[in-house]
Amino acid sequence: MKLVRTVGALSVVGFAAVSGQAALAAESGWYLGGGAGLSQANIADERIRNQLSGAGLTMTSIDDDDRDFGFKLFGGYKFNKNFAVEGGYFNLGEFGFTANTTGGTYTGTGKFQGLNLDAIGILPITEKFSAFGRVGYIYTETKDTFTGTGNGISVAAANPDPDKKAGNYKYGLGVQYDFTQALGLRVEWERYRVNDAVGNKGDIDMGLIGLVYTFGAKPAARAATPPPPAYVAPVAAAPVLIIVPEVRTQQYCSILDIQFEVNKNTVQRESEEKLDKVVTFMRKYPDTTAVIEGHTDEVGTSADNMLLSQRRAEGVVNYLASRGIARSRLQAVGYGETRPIADNSTQVGKRLNRRINAIIACATDIEGIVPAPARITMALEMEFDTDSASIRQQDREGLLKVANFLKANPRVTATVEGHTSNQQGTAAQAMQLSQRRAENVVNALVNLGVARTRLSAAGFGETRRFAYNTSAEGRQENRRINIILDFPN
């Protein structure tokens, strides 16, 4: 049989992936799946005509059977969001022809199946939608059958049932949509370079639709609980309060961020002003608690860095306690070098990683606050869609509370900060998007009666992430607005 050059293909039916333990897809991990659809080959009619002519036969017509049902089963490992390796079994189906001659008929069929190993490049487009391309090695088994009637029998008689096994290549393109972060739908097109059993080479195309299931991922929670601290500050004789480990559980929160010098754990003079403002805030809200997190860069051993970060956190707890904040409201946690926010290969990155974060439990509202000489960050719980700066209707109630507070305290000014996750695009585009988000919030506050002269907007792009961008939840939290309230001296 003479097969194939190139044709397009249409996807048809789905093939269900194997089931397993439900989980959310991770940036890396194992997955299984399958797909099915239409395969198509281009029968080389002219070669068949020439072969029959060489045997002394004249072909009067030919009927091609060039479409069939194909499928594949696969498993793979995703190393990161952009690269995976995949292997599996494929069956391209059966194709054939019937040539009518002046002396009889000549019929040939061919079946193609085999194994493949592919490298896959992935391009995330949105949270749920991605495109991918593949190139791989295939090992194909081809089984041909030739029959004839009349004089066509002599053409087929030499070897009526040849077969061949050979290696070759394949490539393809596709898209994937994740219904959940564990289960996704794939639509793809692939081209297989194959050899038939009588010395001809060609291409078979297959269009598929199928499912892919990712193992081992875990559902992302709205608020992640940090690991148990290596040290908990002593509790003074005061009512026991619950330490709130994360800030995104309520609407308005205060977050402190101060840096340390290399290998130091003492609070610098310029940082004391920031800590005094935390003291003012916690005195105003006696039910709030704080988790003081210590962090280091990667210089030194991991064990030494863990101890250093714990000492830094304890030093801040001691300072706050010396200003009258009960130790029962404070907790010190050292994370060492495990949670960097910048690149440790640069001096600037190392400086940013030598830091303290104070996660202050949220106050339930800010109405009725008497302004104190302080500068407080209010992390407004506003969610944005990917690459969008539009304010959702459900966030306008929160903006109304901020506007009412600013109108009740006319000497207070505010800076609106916009932030993004690591969405697709350049750093400059992320900066522009965050600026638009901040400006839209400023415009909304102006529409609610706040003088524009008291407001400013600043975009920080993806440079000040609140959470890690390794999950959809983390990226959603990084698409946020911070409102910095400046109280007059």
Test applied, side chain to side chain donor-acceptor pair (under 3.5 Å); reference residue, Q435; option that passes from R437, E439, Q432: E439
Exam field: side chain E86 to backbone G76, donor-acceptor pair closer than 3.5 Å: no
Working for side-chain contact (heavy atoms from CB on, under 4.5 Å), residues F83 and V85: CA-CA 7 Å; F83 181 72; V85 171; 3.8 Å; yes
Closest non-hydrogen atom pair between S28 and N80, with its separation: CB-N, 4.5 Å
Test item: E188 side-chain N/O and G174 main-chain N/O as donor-acceptor pair under 3.5 Å: no
N/O donor-acceptor pair under 3.5 Å between K72 side chain and G33 backbone: no
Q310: which of M306, E314, R312 passes side-chain contact (heavy atoms from CB on, under 4.5 Å): E314
Any side-chain donor near an acceptor of the partner, T415 and S456, under 3.5 Å: yes
For the student: nearest non-hydrogen atoms of S434 and G461, plus distance: OG-N, 2.8 Å
NE2 on H419 to CZ on F460, rounded to 0.5 Å: 6.0 Å
Residue pair R191 / I204, side-chain heavy-atom distance below 4.5 Å: no
Donor-acceptor pair, side chain of N82 and main chain of I122, under 3.5 angstrom: yes
R329 (side chain) donor-acceptor with T288 (main chain) under 3.5 angstrom: yes
V175 side chain reached by F132 side chain, heavy atoms, under 4.5 Å: no
Distance (rounded to the nearest 0.5 Å) between Q176 CD and D178 CG: 5.0 Å
Closest approach of A430 to T420 (non-hydrogen atoms, all atoms of both residues): O-CG2, 3.5 Å
Residue pair D304 / T301, side-chain donor-acceptor N/O under 3.5 Å: yes
Stepwise side-chain contact (heavy atoms from CB on, under 4.5 Å) check, F71 with Y89: CA-CA 9 Å; F71 68 92; Y89 165 80; 3.8 Å; yes
Spatial distance of atom OG1 (T296) from atom CG (N305) [nearest 0.5 Å]: 3.5 Å
Side-chain donor or acceptor of N409 paired with backbone N/O of R411 under 3.5 Å: no
Taking every non-hydrogen atom, the tightest pair across K81 and P124: O-CG, 3.9 Å
Residue among L406, V402, L400 satisfying side-chain contact (heavy atoms from CB on, under 4.5 Å) with N404: L400
Any donor-acceptor pair under 3.5 Å from R454 side chain to V412 backbone: yes
N443 and R452, any side-chain heavy atoms less than 4.5 Å apart: yes
R186 charged N/C atom sitting above Y177 aromatic ring, 6.0 Å / 45°: no
For N447, all residues meeting side chain to side chain donor-acceptor pair (under 3.5 Å), sequence neighbours excluded: none
Flag side-chain contact, heavy atom, 4.5 Å: R436 against L433: yes
From I138 atom CD1 to E190 atom CD, the distance as rounded to the nearest 0.5 Å: 9.5 Å
Pairwise side-chain contact, L445 with L399, heavy-atom cut-off 4.5 Å (strictly under): yes
side-chain contact (heavy atoms from CB on, under 4.5 Å) between V333 and I292, intermediate numbers included: CA-CA 6 Å; V333 182; I292 309 300; over 6 Å; no
Y31 ring center within less than 6.0 Å of F215 ring center: no
Polar side-chain atom of T289 near backbone of L330 as donor-acceptor pair, under 3.5 Å: no
Distance-only polar pair, side chains of S39 and R67, donor-acceptor under 3.5 Å: no
D118: partners by side chain to side chain donor-acceptor pair (under 3.5 Å), with sequence neighbours left out: N116, R134, K170
Contact summary for G418 and A438, nearest pair of heavy atoms: N-CB, 3.7 Å
W189 side, atom CH2; L38 side, atom CG - distance, nearest 0.5 Å: 14.0 Å
D68 and Q40, any side-chain heavy atoms less than 4.5 Å apart: no
Short side-chain to backbone donor-acceptor contact, S309 and Y335, under 3.5 Å: yes
Rounded distance (nearest 0.5 Å) linking atom CG of L185 with atom CZ of F179: 4.5 Å
Side-chain heavy atoms of L32 within contact of L73, under 4.5 Å: no
side-chain contact (heavy atoms from CB on, under 4.5 Å) between T214 and K78, intermediate numbers included: CA-CA 9 Å; T214 302; K78 187 176 181 182; over 6 Å; no
